[in-house]
Amino acid sequence: MKTDVTDIPAEMERKMEFYSIAPLTGDATEADRATITRNTSVYVYEAPVRLWHWINAAAILVLCVSGYLIGSPPPSIEMAEATDQFLFGYIRFAHFAAAMIMTVGFFGRIYWAFVGNHHAKQMFKLPLWSGKWWSEVLDEIKWYAFLKKNPRKYVGHNPLAQIAMFFFMTVGMTFMIVTGFALYSEGVGRDGILDTMFGPLLDLVGGSHMMHQIHHLGMWAIVIFVMIHIYAAVREDIMSRQSMVSTMISGTRTFKDDDPN
């Protein structure tokens, strides 16, 4: 059947409604909305943020494995005389080196929160005064509890992810860095700058043994967070039709809105 040219605008309008893009919500800025295309892609994570993410992930992996071995030392390996072996020393060195890398990276990440884009700041602040934000938190709880069919679309972190990142990364990493350096200061020796800065914390909690226990519990909290973080990222990639894992590689969040299903 021949289509009249006057029907073309109507046909285009019908298709646009059919493939309509769900509006971005929450943390989307006008700059984000300006980048929207039919297959919605928004540049969200800048290169320093992505680099920090993967270096930090590697450091946390080394810290957790070496930290577990420090708390539960492996049996001796009869590969040479005891005086010629340095296995536990290498484990401790890996732990200390990864801790230094994580600490420097964390301060770099704080710096980028000031000079980076809007989304670089989300990990360090929660809009607790916003009623709209709290309603979105409830909405995200329903989504993760499988009580909602379709999720909201966020350019950066959704409210629940923002809460998790703030408490487990911003607060949690600060806690692990402070308690870790308190333990490290004891090994470095008294009257040094580290002892002056962190030594009093040992007395505050009742000694290095108790600090070891607190630091070790903090490690398990981070392990639990990492498992939830990986699960949530893969789940969102599959169920919410928006990129998660690849976004932390390319920096671009893609919303697969052109699929009518």
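Residues: numbered from 1 along the sequence shown. Just so you know, these numbers come straight off a predicted model, no measurement behind them. The figures that follow rest on heavy atoms only: side chains count, while hydrogens, waters and symmetry mates do not.
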Asks: Compare every heavy atom of Ser185 with every heavy atom of Ala182, then report the nearest pair and how far apart it is.
Replies: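 Closest pair (atom of Ala182, atom of Ser185, distance): O-OG, 2.6 Å.
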
Asks: Going through the distances and angles, do Glu140 and Tyr154 end up as a side chain to side chain contact (heavy atoms under 4.5 Å, CB included)?
Replies: CA-CA 11 Å; Glu140 287 301 307; Tyr154 292 89; 3.4 Å; yes

Asks: CZ of Phe114 to CZ of Phe124: how many Å apart, nearest 0.5 Å?
Replies: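 Result: 8.5 Å between the selected atoms.
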
Asks: Find out if a path of hydrophobic residues (ILVMFWY) with successive side-chain heavy-atom gaps under 4.5 Å connects Phe93 to Leu87.
Replies: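 No, Phe93 and Leu87 fall in different hydrophobic clusters.
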
Asks: Just wondering, do Gln162 and Phe166 contact through their side chains at under 4.5 Å, heavy atoms?
Replies: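 No; the side chains remain at least 4.5 Å from each other.
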
Asks: With the 4.5 Å side-chain cut-off for hydrophobic clustering, are Phe146 and Tyr144 part of the same group?
Replies: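 In one cluster: yes.
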
Asks: So Ile101 and Phe106, side chain to side chain contact (heavy atoms under 4.5 Å, CB included) or not? Walk me through it.
Replies: CA-CA 8 Å; Ile101 291 171; Phe106 188 56; over 6 Å; no

Asks: Taking the side chain as everything from C-beta on, heavy atoms only, tell me whether Ile60 gets closer than 4.5 Å to Met169.
Replies: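 Yes; the side chains approach each other to less than 4.5 Å.
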
Asks: Is a side-chain donor-acceptor pair under 3.5 Å present for Glu236 with Trp143?
Replies: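 Yes, Glu236 and Trp143 have a side-chain donor paired with an acceptor closer than 3.5 Å.
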
Asks: Does Arg152 come within less than 4.0 Å of Glu136, counting only side-chain N to carboxylate O?
Replies: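 Counted as a salt bridge, because a side-chain N and a carboxylate O are separated by less than 4.0 Å.
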
Asks: State, with a plain yes or no, whether a side-chain heavy atom of Ile177 is found less than 4.5 Å away from one of Met102.
Replies: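 Counting from C-beta outward, Ile177 and Met102 do come under 4.5 Å.
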
Asks: Side chain to side chain contact (heavy atoms under 4.5 Å, CB included) for Met176 and Phe181? Distances and angles first, verdict last.
Replies: CA-CA 8 Å; Met176 294 302 286; Phe181 271 102; over 6 Å; no

Asks: For the atom pair NZ (Lys153) and CZ (Arg241), what is the distance rounded to the nearest 0.5 Å?
Replies: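 Lys153 NZ to Arg241 CZ: 7.5 Å, rounded to 0.5 Å.
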
Asks: Following the transitive rule for hydrophobic clusters with a side-chain heavy-atom cut-off under 4.5 Å over Ile, Leu, Val, Met, Phe, Trp and Tyr, establish whether Val226 and Val223 coincide in one cluster.
Replies: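 Val226 and Val223: one cluster.
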
Asks: Within a reach of under 6.0 Å around CZ of Phe88, are more than 12 heavy atoms found that belong to other residues, nucleotides or ligands?
Replies: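 Yes, enclosed.
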
Asks: Would Ser250 and Ser246 count as having a side-chain donor-acceptor pair, cut-off 3.5 Å?
Replies: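 The criterion, which ignores hydrogens and geometry beyond distance, is not satisfied for Ser246 and Ser250.
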
Asks: Is the side chain of Thr247 donor-acceptor paired with the backbone N or O of Thr252 at a distance under 3.5 Å, no angle test?
Replies: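 It does hold such a pair.
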
Asks: Find out if a path of hydrophobic residues (ILVMFWY) with successive side-chain heavy-atom gaps under 4.5 Å connects Ile110 to Val104.
Replies: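 No, no single cluster joins them.
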
Asks: If the condition is side chain to side chain donor-acceptor pair (under 3.5 Å), which residues does Asp195 pass it with, not counting sequence neighbours?
Replies: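 For Asp195, the residues satisfying side chain to side chain donor-acceptor pair (under 3.5 Å) (neighbours in sequence not counted) are Arg190.
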
Asks: Less than 4.5 Å apart, any side-chain heavy atom of Gln242 and any of Thr254?
Replies: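 In short, these two side chains do not touch, never coming nearer than 4.5 Å.
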
Asks: Please check if the side chain of Trp134 supplies one atom and the backbone of Leu128 the other of a donor-acceptor pair under 3.5 Å.
Replies: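 Yes: the side chain of Trp134 pairs with the backbone of Leu128.
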
Asks: Is there a side-chain contact between Met173 and Asn56, using heavy atoms and a 4.5 Å cut-off?
Replies: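 Contact flag for Met173/Asn56 side chains = yes.
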
Asks: Roughly how far, to the nearest 0.5 Å, is the CD1 atom of Ile163 from the CD1 atom of Ile141?
Replies: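 Ile141 CD1 to Ile163 CD1: 7.5 Å, rounded to 0.5 Å.
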
Asks: Can you name the closest pair of heavy atoms from Asn117 and Val44 and give their distance?
Replies: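 What the structure gives for the nearest pair is ND2-O, 2.8 Å.
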
Asks: So which atom in Arg50 and which in Tyr45 form the shortest heavy-atom distance, rounded to 0.1 Å?
Replies: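 Closest approach of Arg50 to Tyr45, heavy atoms only: NH1-O, 2.7 Å.
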
Asks: Would you please test Phe167 and Leu126 for side chain to side chain contact (heavy atoms under 4.5 Å, CB included) and show each step?
Replies: CA-CA 10 Å; Phe167 283 106; Leu126 298 176; 3.9 Å; yes

Asks: Determine yes or no for a side-chain-to-main-chain donor-acceptor pair under 3.5 angstrom, with Arg253 supplying the side chain and Val42 the backbone.
Replies: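 Here the side-chain-to-backbone pair does not exist.
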
Asks: Let me confirm one number: the CD1-CZ distance from Ile228 to Phe225, rounded to the nearest 0.5 Å.
Replies: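 These two atoms lie 8.5 Å from each other.
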
Asks: For residues Gly105 and Trp52, report the shortest heavy-atom separation together with the two atoms involved.
Replies: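 Smallest interatomic distance, heavy atoms only, reads O-CD1, 3.2 Å.
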
Asks: Could you give the side-chain donor-acceptor pairs of residues 198-214 under 3.5 Å, partners two or more places apart or in another chain?
Replies:
residue : atom : partner : partner atom : Å
Ser208  : OG   : Glu186  : OE1          : 3.4
Ser208  : OG   : Glu186  : OE2          : 3.4

Asks: Group every Ile, Leu, Val, Met, Phe, Trp and Tyr by side-chain heavy-atom contacts under 4.5 Å, then state whether Met227 and Met219 land in the same group.
Replies: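 Yes, Met227 and Met219 fall within the same hydrophobic cluster.
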
Asks: Indicate yes or no: at least one non-hydrogen side-chain atom of Ser135 is less than 4.5 angstrom from one of Trp133.
Replies: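 No, every pair of side-chain atoms sits at 4.5 Å or beyond.
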
Asks: Is the Trp220 ring parallel, tilted or perpendicular to the His216 ring (thresholds 30°, 60°)?
Replies: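 It falls in the perpendicular class, over 60°.
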
Asks: Keeping the roles fixed (side chain from Lys121, backbone from Val115), state whether a donor-acceptor pair exists under 3.5 Å.
Replies: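 Side chain of Lys121 to backbone of Val115, a donor-acceptor pair under 3.5 Å: no, none is there.
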
Asks: Determine whether Met100 and Tyr184 make a side-chain contact, defined as any pair of heavy atoms from C-beta on separated by less than 4.5 Å.
Replies: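 Yes, their side chains come closer than 4.5 Å.
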
Asks: Are any side-chain N or O atoms of Trp54 and backbone N or O atoms of Met248, one a donor and one an acceptor, separated by less than 3.5 Å?
Replies: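 Answer holds: yes.
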
Asks: Report yes if some heavy atom in the side chain of Val49 is under 4.5 Å from a heavy atom in the side chain of Arg109; otherwise report no.
Replies: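 Val49 reaches Arg109 side chain to side chain.
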
Asks: For residues 64-74, tabulate all N or O donor-acceptor pairs below 3.5 Å that involve a side-chain atom, not counting sequence neighbours.
Replies:
residue : atom : partner : partner atom : Å
Ser66   : OG   : Val62   : O            : 2.6
Ser66   : OG   : Leu63   : O            : 3.3
Ser66   : OG   : His95   : ND1          : 2.8

